[in-house]
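To start, the structure itself, in structure tokens.
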Amino acid sequence: MGAGHFPFMSNIRVLVAKLGLDGHDRGAKVIARALRDAGMEVVYTGLRQTPEMIVDAALQEDVQVIGLSILSGAHMAIVPRVLRLLHDKGMDDVAVVVGGIIPDEDAAELQKQGCAGVFQPGATLEEITGFVRSVARAR
Amino acid sequence: MLHRTLSGVPLENHYGPDDVREAEPPPGEFPFTRGIHRTMYRGKLWTMRQFSGFATPEETNRRYRYLLDQGQTGLSVAFDLPTLMGFDASHPNSYGEVGKCGVSICSLADMETLFDGIPLGEVSVSMTINSPAAIIWAMYLAVAEKQGAAWNSLNGTLQNDILKEYIAQKEFIYPPRPSMRLVTDTIEFAARHVPRYNPVSISGYHIREAGSTAAQELAFTLRDGVEYVEWAIERGLAIDEFAPRLSFFFNSHSDFFEEIAKFRAARRIWARLMRDRYGARDERSTRLRFHAQTAGCSLTWQQPNNNVVRTATQALAAVLGGCQSLHTNSLDEAYALPSEQAVTLALRTQQIIAHETGAPLVADPLGGSYFLESLTDRLEAQALDYIGRIDGMGGMIAAIERGFPQSEIAQASYRYQQEVERGERLIVGVNAFTQDLGQPIEILQIDRAAEEAQVAKLRALRVRRGSGAVESALGQLRRAADNGVNTMPALLGCVRAYATLGEMCDVLRESFGVWVEQAVL
């Protein structure tokens with residue numbers, strides 16, 4: 001129990017973060033557990049993370065992948081800020097994967113801006129864990 | 001196929017006389033398993049109350065007038081995330097979030113616009129607001145005052161259920177104990193000054209949406225209710241002074257019979273708790289009144305038209321379970337806030353159930369079914385077991401502090417998701433009968449104009465209002481918060497001086513502190 005680390009054999013490290021004011025954490029928690037059960041090391045930030053907090057945590061925890069969960073509709077305002085901060089800090093090698101209620105045109109735009117992947121409702125845990133593994137290995 | 005309810009209760013092939021106890025008393029009689037009124041919907045149909053709010057108060061006011069014109073019989077306000085979290089639209093944390101999930105309210109001026117032309121003395125209004133509930137309610141009372149509506153004529157409901165925020169919905173500002181004090185302030189103020197208003201709507205809806213089982217929803221909600229009762233008694237109120245105005249809010253999910261059983265079990269458990277544990281004498285204190293909303297988490301992104309069918313069966317379960325008011329979700333809500341066309345269809349779904357199916361003509365029409373009575377007993381037993389465990393921990397706040405309900409819900413939601421992944425539970429259009437249709441519907445888009453408009457209005461307000469009066473009112477709020485007196489009179493003073501939501505919440509943040517949860521996976 002509690003936030004923190006889940007050390008396993010894998011060397012894939014993932015930060016799962018709730019971005020913005022949105023408190024809906026059911027999806028983020030299910031994904032964090034699924035990644036952990038798939039053998040990755042998962043750090044879950046908890047709620048209400050600003051882009052600055054997320055990028056700092058990614059640096060501290062030395063993760064290859066950041067998974068952002070956002071269901072509030074504010075993704076087009078806040079996700080690009082995370083991408084910009086990562087770029088400013090020379091952390092372009094960290095892959096950003098977004099999950100939530102993201103309409104098709106927004107998903108395309110976020111990928112254009114540098115998100116490695118965008119998962120909409122209905123994506124399976126298997127697809128998501130497989131994707132995270134593949135982008136982490138590519139880093 | 002799993003031979004279990006959606007919540008995991010194992011099911012027999014069929015049920016018979018050996019599965020039920022003695023017959024329940026008729027509807028309208030203690031413990032009200034069969035309904036809180038003898039005549040049920042023959043006496044009064046449920047209130048059709050669609051939860052609604054987006055962008056600016058001006059735009060939401062237009063939607064409310066439209067819904068009332070379409071035959072909706074009550075209003076229900078959805079606020080945006082900055083409002084729910086006690087930030088003005090101009091706060092840096094509000095960036096990108098203003099008006100997205102509901103309407104943005106920053107001061108009394110916004111509230112006046114929201115209810116412009118809507119007589120609060122006649123229309124009952126429910127408001128989904130929790131941490132800043134006392135502040136928003138003060139704004140509402142001030143608008144009623146300006147419209148000339150007497151407080152003792154007001155009907156409506158404040159959600160104001162902070163405990164389920166720590167458990168599930170997670171829109172909290174202050175730590176649990178000072179938050180409970182604010183809730184108790186509103187219960188006390190309502191009992192003394194706004195006697196027909198429901199100051200708390202004890203909510204299982206969000207607990208279920210966060211992934212709980214039906215039994216967990218039932219248990220945690222009723223145990224939250226017990227916590228509010230104990231705090232109000234501790235404040236010096238007599239049980240029958242406030243318990244008649246406690247109301248409830250449940251989810252109506254997809255497992256048809258389990259949901260009907262849940263509503264029936266809720267009434268039976270609450271009636272007995274109020275009479276036997278708290279000595280309620282007034283029968284109204286023992287009647288559990290509830291609003292129901294169909295399950296948002298059951299709506300699918302794929303094949304969204306299927307959501308109309310899901311919502312219809314969930315709504316029918318709520319009606320057969322004896323709800324007092326109902327919200328039906330719109331087919332497009334897995335994508336966005338609903339379009340006007342979608343919300344009209346959702347309202348029509350209720351109207352068809354009310355006027356074409358015959359379902360409202362007989363009270364508790366499924367009462368006496370071997371299966372339903374057995375399932376009602378089963379859910380009651382599971383809920384009482386949880387309630388006993390939480391009592392043993394020292395109450396709900398202690399349970400929340402040790403992460404107990406949060407962890408039970410996280411386990412249940414992970415288990416459910418795995419069942420779906422393994423194909424043990426089929427969801428039409430998701431893991432069965434799939435079609436690749438792309439994004440097939442038009443959705444409501446809320447642009448950044450709402451944020452800009454709200455920020456501009458705030459700037460003008462700060463110039464227009466008398467800053468001396470604001471400072472003095474905020475000072476009185478600070479003293480009330482620090483000295484432990486009821487905050488409602490000081491909040492009314494702040495609101496009337498046009499202090500902003502963020503300013504009032506900041507005073508309380510300084511006095512009470514803020515809550516950061518230990519995340520439970």
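In what follows, chains carry the letters A, B, and so on, assigned in the order in which the sequence lines appear, proteins first and then strands, with residues in each chain numbered from 1. What you are looking at is a predicted structure, and each value in this text was computed from that prediction instead of being measured.
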Looking at CE of B/Met85 and CG of A/Leu21, how far apart are the two atoms once the value is rounded to the nearest 0.5 Å?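 Interatomic distance, B/Met85 CE to A/Leu21 CG, rounded to 0.5 Å: 6.5 Å.
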To the nearest 0.5 Å, how far apart are OH in B/Tyr335 and CD1 in A/Ile102? 13.0 Å
Intermediate values then yes/no, side chain to side chain contact (heavy atoms under 4.5 Å, CB included), B/Tyr416 and A/Val30: CA-CA 10 Å; B/Tyr416 170 81; A/Val30 166; over 6 Å; no
Looking only at heavy atoms and a cut-off of under 4.5 Å, which of B/Lys170, B/Arg448, B/Gln418 has the most pairs with chain A? B/Lys170
Determine the option with the most heavy-atom pairs under 4.5 angstrom with chain A, choosing from B/Cys101, B/Ala410, B/Ala336, B/Ala210.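 Winner by heavy-atom pair count: B/Ala210.
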Establish, yes or no, whether the cationic atom of A/Arg26 lies under 6.0 Å from the six-membered ring centre of B/Tyr414 and within 45° of the ring axis.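 The answer is no; the distance or angle limit is not met.
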Is it true that the NZ or CZ of A/Arg48 lies under 6.0 Å from the centre of B/Phe87's six-membered ring and within 45 degrees of the ring axis?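 No.
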Is [X] in contact with chain A via its backbone, its side chain, both, or neither, using a 4.5 Å heavy-atom distance?
X	answer
B/Gln411	both
B/Gln169	both
B/Glu171	both
B/Pro82	both

Which region of A/Ala28, side chain (C-beta onward) or backbone (N, CA, C, O), has a non-hydrogen atom less than 4.5 Å from a non-hydrogen atom of chain B, or is it both or neither?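 It is neither, since no heavy atom gets under 4.5 Å.
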Between B/Ser413 and A/Lys29, is a side chain to side chain contact (heavy atoms under 4.5 Å, CB included) present by the stated rule, with each step listed? CA-CA 9 Å; B/Ser413 97; A/Lys29 285 175 161 186; over 6 Å; no
For A/Gln64, all residues meeting side-chain hydrogen bond (donor to acceptor under 3.5 Å, both in side chains), sequence neighbours excluded: none
Is atom CD of A/Glu52 surrounded by more than 12 heavy atoms (other residues, nucleotides or ligands) closer than 6.0 Å? yes
Contacts of B/Phe512 that satisfy ring pair (Phe, Tyr, Trp, His ring centres under 6.0 Å) - sequence neighbours left out: B/Tyr174
Just give me the residue among A/Ile78, A/Leu71, A/Asp25 that pairs up with chain B most often, heavy atom to heavy atom, under 4.5 Å. A/Asp25
Is a side-chain donor or acceptor of B/Glu517 paired with a backbone partner of A/Gly46 at a separation under 3.5 angstrom?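 Judged by distance alone, no pair lies under 3.5 Å.
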Report yes if some heavy atom in the side chain of A/Leu47 is under 4.5 Å from a heavy atom in the side chain of B/Phe172; otherwise report no.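 The answer is yes, as the side chains (C-beta and beyond) meet within the 4.5 Å cut-off.
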Residue by residue, which of residues 108-119 of chain A have a heavy atom closer than 4.5 Å to a heavy atom belonging to chain B?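 Within residues 108-119 of chain A, near chain B: nothing under 4.5 Å.
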Please list, in residue-number order, every residue in residues 121-138 of chain A that has a heavy atom less than 4.5 Å from any heavy atom of chain B; write 'none' if there are none. A/Pro121, A/Gly122, A/Thr124, A/Leu125, A/Glu126
What are the two closest non-hydrogen atoms of B/Gly96 and A/Ala74, and how far apart are they?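 Shortest heavy-atom separation between B/Gly96 and A/Ala74 comes out as O-CB, 3.2 Å.
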Closest non-hydrogen atom pair, A/Ile101 against B/Ala334: CG2-O, 3.4 Å
Would you check if there is a donor-acceptor pair between the side chains of B/Gln445 and A/Glu105 at a distance under 3.5 Å?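 Yes.
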